[in-house]
Number of protein chains: 2
Amino acid sequence: MERKKERREKRNERASKLRRLGLRATPQRLAILAFLEGNRNHPSAEEIYQALKPRFPSLSLATVYGTLEILEQSGEIQVLTIDPERRRFDPDPTPHAHFYCQLCGRVFDLPRVQPALEKLPEEIEGFWVEKVSLSAYGVCPACRKR
Amino acid sequence: MERKKERREKRNERASKLRRLGLRATPQRLAILAFLEGNRNHPSAEEIYQALKPRFPSLSLATVYGTLEILEQSGEIQVLTIDPERRRFDPDPTPHAHFYCQLCGRVFDLPRVQPALEKLPEEIEGFWVEKVSLSAYGVCPACRKR
DNA sequence: ATAATTGCAAAAGCTTTGCACGGAA
DNA sequence: TTCCGTGCAAAGCTTTTGCAATTAT
């Protein structure tokens, strides 16, 4: 069974990543990292919490928020303010465009729009720019069909 | 005194605008419109409320929220989600870039960055785009000096 | 007159905080 | 053993809602 070994390795990678950031590798943090990894759904804190709850019955929403906070400060993830109702979290910290569907509320990546962002300088009209975000609002392909 | 006449005219313009939208021209709405007009501070609902409270002691926050909601739906203003803490309102409904200062929390217009937005089509990769917003985060000129 | 709008209070979310306990290093 | 991290409950905010009273038309 190679799968077991693979999982163990990924787990170790995540633990190392956390320790490299000066953080303790707790089961909760490892689970949140694992859930986020490769997740393109831009989940909210509540969604992460609900998804992990079955396997971590003692998990608390406060821990989820806390972990997401330090992961953002560490540059491992990015927080999106695209959804007017709640914060969304993106495991990919590199700048890229997002789309918010006003019908279903889902958030999508728009990787091909990215280039427009690259051209922005570190300084615009005296403002020091740390991060740029491009958000589009409208109707996603699935909702257009209905 | 020409000022009085001018104020009366502006007030009439706002009243007409409201009625054109099928809305009643109440003192509260006229005051909110007047406060927003030419206001480049991207105020929050609370800020609008506090600013108008002295002259409209009976004004309620619920009315402010309600008015802002219908003004947005009418296309008269735009709601910004750039501030992670609260919604900000912009009397200019046309798409333009914004800057959020992470130190003082103020929101600025970045009118010269606008062109980058113009190039975006109505449809991107199957997504129907109704609105695009470009937000930059960093430190504003005033805060850089300190 | 009458239908829309206001203001109040309460409710509904989302997110943060304080603190005692538990667990990683 | 030593702190860092967790979980719980409560609090803090922003925003929404229901409804009776008011007011624009």
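We use all heavy atoms of the structure for the numbers below, so side chains are in, but hydrogens, waters and symmetry mates are not. So that the names make sense, note that chain A is the first sequence line, chain B the second, and so on, each numbered from 1.
A close approach under 4.0 Å does not occur between any side-chain nitrogen or oxygen of S60(A) and OP1 or OP2 of dC8(D). Applying the 4.0 Å criterion to OP1 and OP2 of dT6(C), one finds that R29(B) has a side-chain N or O inside that range. Between Q28(A) and the phosphate of dG7(D), there is a side-chain N or O to OP1/OP2 separation shorter than 4.0 Å. Within the structure, every side-chain polar atom (N or O) of Y65(A) is placed at least 4.0 Å from both OP1 and OP2 of dT16(C).
Distance, K53(B) NZ to dC8(C) P: 6 Å, rounded to whole Å. Protein atom CZ of R87(A) is 13 Å distant from nucleotide atom C1' of dG13(C), rounded to whole Å. Here dT6(D) presents its C1' atom at 11 Å from CD1 of I32(A), a figure rounded to the nearest Å. Atoms CG (L23(A)) and P (dC3(D)) sit 18 Å apart, rounded to a whole Å. We find that CG of L68(A) is positioned 15 Å from P of dC14(C), with the value rounded to whole Å. When the C1' atom of dG23(C) is taken as reference, atom CG of L59(A) falls 16 Å away, rounded to whole Å. Taking atom CG on L61(B) and atom C1' on dT17(D), their separation rounds to 13 Å, with Å as the unit. Rounded to whole Å, the distance from CG on D83(B) to P on dC14(C) is 18 Å.
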Going through the distances and angles, do R40(A) and D90(A) end up as a side-chain contact (heavy atoms from CB on, under 4.5 Å)?
CA-CA 7 Å; R40(A) 298 280 78 201; D90(A) 190 331; 3.0 Å; yes
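Side chains of Y100(A) and T81(B): a donor-acceptor N/O pair is absent below 3.5 angstrom, by distance only. For the residue pair H42(A) and D83(A), no side-chain donor N or O sits within less than 3.5 Å of a side-chain acceptor on the partner.
Side chain of A62(B), nearest nucleotide from dC13(D), dC8(C), dT6(D): dC8(C). Listed candidates were dT16(C), dT15(C), dT6(D). Nearest to the side chain of R86(A) is dT15(C). Nearest nucleotide to the S58(A) side chain, out of dT6(D), dG7(C), dG7(D): dG7(D).
Remark: the backbone N or O of P93(B) is not paired with any side-chain donor or acceptor of E76(B) at under 3.5 angstrom. Of the possible polar contacts, none joining the D109(A) side chain to the P111(A) backbone as a donor-acceptor pair under 3.5 Å is found.
No contact: E46(A) has no heavy atom under 4.0 Å from any strand.
Using a cut-off of 4.0 Å between Lys/Arg side-chain N and Asp/Glu carboxylate O, E46(A) and R86(A) are scored as not salt-bridged. Taking the charged nitrogens against the carboxylate oxygens, E85(B) and R87(A) do have a contact shorter than 4.0 Å, which makes a salt bridge.
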Sort me out a list of protein N/O and nucleotides 22-24 of chain D N/O pairs below 3.5 Å, or just none if empty.
| residue | atom | partner | partner atom | Å |
| --- | --- | --- | --- | --- |
| dA24(D) | N3 | R24(B) | NH1 | 3.1 |

